[in-house]
Amino acid sequence: MDASTNKAGKKAKRKSRHIIRKLFIFLLIMALLAGGGWIAYQSLKAEYTVTYQPYTASIGTISNALSFNGTLQARHAESYYADSEGTVRTVYAKAGDKVEEGDKLLRLSNGQTVTAGFDGTVNVLELAVGDSVAAGDELCHLVDFTHMKTSIRVDEYDINSVHVGDAIRVTTTANDKTFDSTIRAINHTSSSTGSVAYYTATAYVDVEGEVYPGMQVTVTLPQEEAANVVILKMNAISFDEDNQAFVYVKDENDEVQKKYITTGVSNGSYTEIKEGLQDGDVVYAEVKKETTNGVTSLLGGLFGQNQFMGGAGTMPGGQGGPGGGFSFDPSNMPDFGSGGGFPGGNGGNSGGKGNGNRSNGSGGGRQ
């Protein structure tokens with residue numbers, strides 16, 4: 001074996017040892033990363049504590065209902081007009097007066113006398129004695145503000161649950177006044193919006209107070225009702241994998257235990273309890289409360305200052321600084337040193353800006 005062959009063999013062995021050493025370093029770094037991730041995961045798993053919120057069962061009445069939006073309309077409203085040219089001779093009522101059917105409202109020089117066609121309120125009457133009017137001029141406007149109606153749109157999914165004669169409750173949006181009524185008529189000829197068919201139901205509503213045509217209302221149609229029963233807040237009820245309802249109660253040792261119940265009518269806020277609880281029983285619901293549990297400091301220590309494996313080296317895309325970096329190519333693995341940032345120094349993932357080498361540099365990034 002000549003000297004050159006021996007030299008080449010020694011060089012190959014040194015290179016092999018060098019590669020193995022770098023590979024060992026790489027695996028060590030990966031193990032450290034995996035260990036840090038496992039610690040963070042375990043910390044995150046324990047990031048909350050469980051407490052119990054008490055709720056008390058009580059006696060009450062509960063119901064659920066269909067709900068629709070509508071608008072109030074006057075059932076009786078009429079304007080009166082001049083038959084021919086003339087002047088106002090007599091005014092018998094003024095705006096705001098309540099009148100009965102047949103009452104005189106005003107008289108013109110042409111002999112026309114305007115009388116109320118129904119019981120109502122004079123809504124508009126702005127003429128005075130001596131004012132001139134032309135044929136067709138509006139003389140006054142009469143409205144019945146007591147007997148109104150509302151129409152609601154019922155979609156095809158709910159129409160079979162709405163019937164003529166059904167009791168409803170009409171509530172004004174603006175001033176929260178509520179009036180009872182019934183469904184008077186349903187138009188089963190549909191109108192469509194997109195792919196859904198709608199039908200119109202009409203109800204007559206007797207109102208009082210400051211309620212006027214055009215006001216928005218909510219119409220509710222009760223579906224189920226349970227009166228004077230045990231009720232419980234929905235937040236207190238849980239369900240198992242078989243969708244069976246249960247609550248948590250405390251035993252004689254003050255330990256929390258699961259207790260199954262039977263539910264009935266629900267309105268989304270409260271539920272009827274048919275079996276399992278009585279008036280005054282206290283139950284508990286789980287409440288999970290977040291805790292820091294050292295996670296913030298753990299993750300901050302690893303990444304909060306953008307540091308990785310020593311010195312002031314930064315995460316990808318930052319300014320390279322003292323601190324060991326690495327490459328995923330075992331044949332080109334960096335050694336530990338005081339220089340070189342995490343892969344991707346000042347130049348990002350395409351290579352950091354720096355003049356150090358991979359063993360003792362002061363700014364080298366990814367190759």
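Just so you know, these numbers come straight off a predicted model, no measurement behind them.
- Between the side chain of Asp242 and the backbone N or O of Gln244 there is no donor-acceptor pair closer than 3.5 Å.
- One hydrophobic cluster, built from ILVMFWY side chains closer than 4.5 Å, cannot hold both Met148 and Val122; they sit in different ones.
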Worked check of side-chain hydrogen bond (donor to acceptor under 3.5 Å, both in side chains) between Glu210 and Tyr212: CA-CA 7 Å; Glu210 297 178 343; Tyr212 306 105; 5.2 Å; no
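- Sparse packing is recorded around CZ of Arg169, with 12 or fewer heavy atoms of other residues, nucleotides or ligands lying under 6.0 Å away.
- Using bins of under 30°, 30° to 60° and over 60° for the plane-to-plane angle, the ring pair Tyr52/Tyr284 lands in the perpendicular bin.
- Under the 3.5 Å distance criterion, the side-chain polar atoms of Asn64 are matched with a main-chain donor or acceptor of Glu224.
- The closest side-chain heavy-atom distance from Gln223 to Ser161 is below 4.5 Å.
- Under a cut-off of 6.0 angstrom, the local environment of CD in Glu126 is sparse, with at most 12 non-hydrogen atoms contributed by other residues, nucleotides or ligands.
- Applying the 6.0 Å contact sphere to OH of Tyr270 captures no more than 12 heavy atoms from other residues, nucleotides or ligands.
- Note on Val287 and Tyr55: separate hydrophobic clusters, where clusters join Ile, Leu, Val, Met, Phe, Trp and Tyr whose side-chain heavy atoms are under 4.5 Å apart, directly or indirectly.
- With values rounded to the nearest 0.5 angstrom, Asp131 atom CG is found 9.0 Å from Thr87 atom OG1.
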Evaluation steps, side-chain hydrogen bond (donor to acceptor under 3.5 Å, both in side chains), between Ser67 and Thr220: CA-CA 4 Å; Ser67 181; Thr220 54; over 6 Å; no
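- Side-chain contact between Leu232 and Ile237 is present, with at least one heavy-atom pair separated by less than 4.5 Å.
- Residue Glu225 places its CD atom among more than 12 non-hydrogen atoms of other residues, nucleotides or ligands, all under 6.0 Å distant.
- More than 12 heavy-atom neighbours from other residues, nucleotides or ligands sit within 6.0 angstrom of CZ on Phe239.
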